[in-house]
Amino acid sequence: MTVADDDMPDLPPLNVVVTPLRLPDAVMATYRGMARELFATFGERSIEAASPLIAIGKLSQISNGFIYGTGNDDAVPVHDLKIEWLRELVEALQGEPLLIAYEFVEDLRTIRRAFANVPTLSDATPKEAARLIAAWNAGALPLLAFHPASAGHGLNLQFGGSRMAWLSPSWSAELTEQAIARIYRPGQTRHVTIHICVAAGTVDEMKRDRVIGKMDAQEAFKHHLEQI
């Protein structure tokens, strides 16, 4: 998707680049088991979802490369395709600053394992957040992570970079728009590119259906089951 200069005369162009990834067949088989039976086995671990709505969260985790077992501190690795996508993107940018949107705490842990201790706005104190924002806008931070729910109105990041990466689509069109508006706003002088990673045939596409098709969660889940 491209927003042309004529549509936003006071801002540079905006491009949204969606990269589909195909998960391994074995992962997709396990994924389908969780979607249809609300149960799946990962190595020696058997994980169950108590309801279809809980299964949606489990499917999103699998799409991102892991699944929670007994809690947020019990993450079972599933695949590394998305973090490898992010590694390749960071390498291709050759030091150009990048904002990284993540969904789960384990996503942030994975990002930090890949790129050392990447700072995040999501759990920062107001004082620390102000310091990070100033450092970002000064061009001193090559990477800065955030959760979309923490990137609301009033956060100005347009001076420090013009690239944003999403490990997965958001459930919310409003949160997506608000997050993008942190760098795509008056004061931005560079071409803005938003990179979104989508695991093909997974809940990532279901999120898109929910946002664009305005389905509720149960409708989107039913539609997703019909597609896999």
Side-chain angles (χ1 to χ4, degrees), residues 1-21 63-65 79-124 128-170 175-199 204 208:
M1 179 180 72
T2 301
V3 179
D5 288 321
D6 291 342
D7 300 318
M8 296 292 287
D10 296 327
L11 292 173
L14 168 67
N15 288 342
V16 178
V17 179
V18 178
T19 302
L21 295 179
S63 301
N64 281 16
H79 67 83
D80 60 1
L81 293 182
K82 286 199 172 185
I83 196 61
E84 288 304 316
W85 167 82
L86 186 60
R87 285 181 190 273
E88 292 177 7
L89 176 60
V90 170
E91 183 177 348
L93 292 180
Q94 298 182 330
E96 183 178 346
L98 180 69
L99 283 169
I100 305 172
Y102 67 91
E103 182 175 4
F104 298 100
V105 172
E106 185 60 24
D107 291 332
L108 178 60
R109 294 185 184 123
T110 301
I111 292 166
R112 285 177 162 170
R113 285 193 292 267
F115 302 104
N117 193 28
V118 175
T120 177
L121 292 170
S122 302
D123 58 6
E128 177 64 11
R131 185 191 69 79
L132 289 174
I133 291 169
W136 168 265
N137 281 326
L141 294 179
L143 301 174
L144 178 61
F146 71 96
H147 191 281
S150 69
H153 298 290
L155 192 61
N156 297 311
L157 301 171
Q158 69 271 35
F159 303 109
S162 60
R163 298 265 187 173
M164 181 181 291
W166 294 68
L167 283 177
S168 61
S170 170
L175 288 181
T176 301
E177 291 167 359
Q178 287 185 12
I180 292 173
R182 298 314 97 210
I183 60 172
Y184 192 60
R185 60 192 300 109
Q188 178 61 262
T189 60
R190 288 162 287 189
H191 189 122
V192 173
T193 303
I194 311 300
H195 304 269
I196 304 175
C197 188
V198 172
D204 284 357
R208 185 182 60 207

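Just so it is clear, the structure is predicted and the values come from calculations on it, not from any experiment.
Judged purely by distance below 3.5 Å, without hydrogens or angles, the side chains of Ser122 and Tyr102 pair a donor atom with an acceptor atom. Arg182 and Asn156 share no side-chain donor-acceptor pair at under 3.5 Å.
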For this session: Assess whether side-chain contact (heavy atoms from CB on, under 4.5 Å) is satisfied between Phe115 and Ile111, documenting all intermediate values.
Result: CA-CA 6 Å; Phe115 302 104; Ile111 292 166; 4.2 Å; yes
For this session: Given side-chain contact (heavy atoms from CB on, under 4.5 Å), test Arg163 with Glu96 step by step and report yes or no.
Result: CA-CA 8 Å; Arg163 298 265 187 173; Glu96 183 178 346; 3.2 Å; yes
Exercise. Yes or no on side-chain contact (heavy atoms from CB on, under 4.5 Å) for Trp85 and His195, after CA distance, side-chain angles and deciding distance?
Worked result: CA-CA 10 Å; Trp85 167 82; His195 304 269; 3.9 Å; yes
Exercise. How far apart are the C-alpha atoms of Leu155 and Phe146, what are their side-chain angles, what is the distance that settles it, and do they pass the side-chain contact (heavy atoms from CB on, under 4.5 Å) test?
Worked result: CA-CA 12 Å; Leu155 192 61; Phe146 71 96; over 6 Å; no
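A donor-acceptor contact shorter than 3.5 Å links the side chain of Tyr184 to the backbone of Pro12. At least one donor-acceptor pair closer than 3.5 Å links the side chain of Thr110 to the backbone N or O of Glu106. A donor-acceptor distance shorter than 3.5 angstrom exists from the side chain of His79 to the backbone of Ser63, with no hydrogens or angles considered. At least one donor-acceptor pair under 3.5 Å links the side chain of Gln158 to the backbone N or O of Pro186. Panel note: side chain Asn15, backbone Thr193; no donor-acceptor pair is recorded below 3.5 Å. The closest donor-acceptor contact from the side chain of Arg190 to the backbone of Ser162 lies at 3.5 Å or more, if one exists at all.
Annotation: the span from Asn137 atom CG to Leu144 atom CG amounts to 10.0 Å, rounded to 0.5 Å. Summarising the geometry, atom OG belonging to Ser150 is positioned 6.0 Å from atom CG belonging to Leu121; distances are rounded to the nearest 0.5 Å. Residue Arg185 holds its CZ atom at 10.5 Å from CD of Gln188, rounded to the nearest 0.5 Å.
By the 4.5 Å heavy-atom criterion applied to side chains, Asp80 and Ile83 are counted as neighbours. Using a 4.5 Å heavy-atom threshold, the side chains of Ile183 and Phe159 count as separate. The side-chain heavy atoms of Glu103 and Trp166, taken from C-beta on, include no pair separated by under 4.5 Å. Side-chain contact between Val198 and Pro169 is present, with heavy atoms from C-beta onward closer than 4.5 Å. When side chains are defined from C-beta on, Ile100 does not count as touching Thr120, because their heavy atoms never get closer than 4.5 Å.
A salt bridge between Lys82 and Asp204 is present, with a side-chain N of the basic residue lying under 4.0 Å from a carboxylate O of the acidic one.
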